[in-house]
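One structure below.
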Amino acid sequence: MKKEKIILTGDRPTGKLHVGHYVGSLKRRVELQNSGEFDKIFIMIADAQALTDNADNPEKVRQNIIEVALDYLSCGLDPAKSDLFIQSQIPELCELSFYYMNLVTVSRLQRNPTVKSEIQMRNFETSIPVGFFTYPISQAADITAFKATTVPVGEDQLPMLEQTKEIVRKFNSVYGDTLIEPEILLPDNKACLRLPGTDGKAKMSKSLNNCIYLSDTEKDVKTKIMGMYTDPNHIRIEDPGQVEGNTVFYYLDAFSKPEHFAEYLPEYNNLTELKEHYTRGGLGDVKVKKFLNSVMQEELGPIRARRAEFEKDIPEIYNILKKGSDVAREKAAATLSEVKSAMKINYFEDVELIKAQSEKYGNN
Ligand code: TRP
């Protein structure tokens, strides 16, 4: 039988999704979904993972489930083609995590660079919740439960994929071939790997107030773009400008296509020419920002319009998530059952075991 191609990916519901999520992962997911190349696509709202560092704020997680679902649907994830589900509704994931924990050392988890930097960011220092510390293991459960072959995510998730592969190899070597080693799928446009915040800071974060959300109004998007961080030394139009470290150009790298020039800025053929003019001097920030605004509004407009439609029937969104969770649960349960039989902890189905034990005690 041909090996099935299966996608599993997801996001923590700790806020609305922003354009960084969009170019870094969401857009690609929709393309993959519509390519028809995959046998199954699972998209998970990772509420249980979100709780690993929001234990005292379950309401935040609860509120954001619907936001993330609306963002997914408005970007074009289609419940007829992809299963959208909620992580906590799949208890099999906890069971898998519990068994995988025996295959990972504390020092291995301590070396995970993403977890390391998250611990710093959250000032956990010596009070790291155990659940948070072990979330890479639970993420391995998420991925392997669905026998995912392909995990489209941003590059910050690379260490999680490495950890998952190690667990898969270890599991298969100890208990026999059962789990599938997944491949990470990073965005192919380098500019999409990490889109900076509108203030030029490396990370977009709600608390820094430097994100453009998929659900922002047209006016909000424009205001945020017009206020973007550029080259602080590019004061007069005639001054030569720096493209590196210039947020507006990072966004253009991620969003603009050659066609956009013909439509909105016909004096340039492409982004290279625009950058050259900026570097030379004589091109003002406002003109570049207006162009970026046209480009981004073109991309975000249809998403916003679809969101408005989906917002009209919220019970239906929960329905979609419920149906997706039912399908996901079935798949995870099948994998768990294979895992348990590989580990030989499926006592009641193990006819051989019962027979051997009865012989030992002289039953006949
Ligand atoms: N860690 C991901 C995030 O921060 C969410 C996530 C949880 C995930 N489990 C996953 C992503 C499995 C891909 C595969 O958004």
Side-chain angles (χ1 to χ4, degrees), residues 6-26 28-29 32-33 38 40-54 60-61 64-65 67-69 71-72 75 77 82-90 92-94 96-97 100 109 112-119 121-122 131-168 179-187 193-195 203-206 211 214 324-325 328 331-332 335:
I6 300 176
I7 287 181
L8 176 285
T9 185
D11 302 274
R12 296 181 194 176
T14 51
K16 296 175 168 193
L17 301 181
H18 51 61
V19 292
H21 294 114
Y22 179 68
V23 295
S25 173
L26 270 176
R28 184 70 169 286
R29 283 181 208 171
L32 294 169
Q33 167 195 274
F38 290 86
K40 208 91 196 67
I41 300 172
F42 295 98
I43 311 286
M44 179 178 77
I45 302 182
D47 64 334
Q49 189 176 103
L51 286 167
T52 64
D53 64 337
N54 286 283
K60 169 169 131 188
V61 174
N64 279 305
I65 285 178
E67 297 300 334
V68 171
D71 287 330
Y72 282 169
C75 285
L77 287 174
S82 302
D83 275 305
L84 310 182
F85 72 98
I86 306 179
Q87 185 183 28
S88 63
Q89 304 308 297
I90 321 296
E92 287 77 8
L93 298 176
C94 299
L96 285 174
S97 304
Y100 294 171
L109 286 174
N112 185 309
T114 302
V115 175
K116 257 193 197 165
S117 74
E118 284 175 321
I119 286 172
M121 249 165 49
R122 288 164 180 71
F132 180 80
F133 182 62
T134 57
Y135 93 73
I137 302 178
S138 117
Q139 191 154 337
D142 301 336
I143 295 168
T144 53
F146 301 96
K147 300 253 169 107
T149 51
T150 311
V151 184
V153 279
E155 67 170 347
D156 62 322
Q157 298 297 305
L158 252 171
M160 307 304 155
L161 265 287
E162 276 315 308
Q163 180 72 78
T164 302
K165 288 184 188 200
E166 283 171 36
I167 291 176
V168 168
L179 303 174
I180 305 282
E181 249 189 76
E183 289 306 324
I184 191 168
L185 194 63
L186 293 171
L193 280 176
R194 186 158 286 192
L195 204 61
K203 213 168 160 70
M204 259 188 254
S205 118
K206 193 175 169 188
C211 309
L214 291 169
S325 299
K331 177 80 184 172
T335 304

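Counting convention: from 1, in listed order, for ligands and their atoms alike.
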In plain terms, say whether Arg12 and Glu118 are close enough for a salt bridge, that is, a side-chain N and a carboxylate O under 4.0 Å apart.
yes

Which atoms form the tightest heavy-atom contact between [X] and [Y], and what is the distance?
X      : Y      : value
Ile180 : Thr144 : O-CG2, 4.3 Å
Val68  : Gly15  : CG2-O, 3.7 Å
Ile184 : Leu186 : CD1-CD2, 3.8 Å
Gln87  : Gln49  : OE1-N, 2.9 Å

Measure from every N or O atom of ligand 1 to the protein's N or O atoms and keep only the pairs below 3.5 Å, writing each with atom names and distance to 0.1 Å.
from	atom 1	to	atom 2	distance (Å)
ligand 1	1 (N)	Gln49	OE1	2.8
ligand 1	1 (N)	Gln139	OE1	3.1
ligand 1	1 (N)	Gln157	OE1	3.0
ligand 1	4 (O)	Arg12	NE	3.3
ligand 1	9 (N)	Asp142	OD2	2.7

Return the orientation label for the Phe146 and Phe85 ring planes: parallel under 30°, perpendicular over 60°, tilted otherwise.
tilted

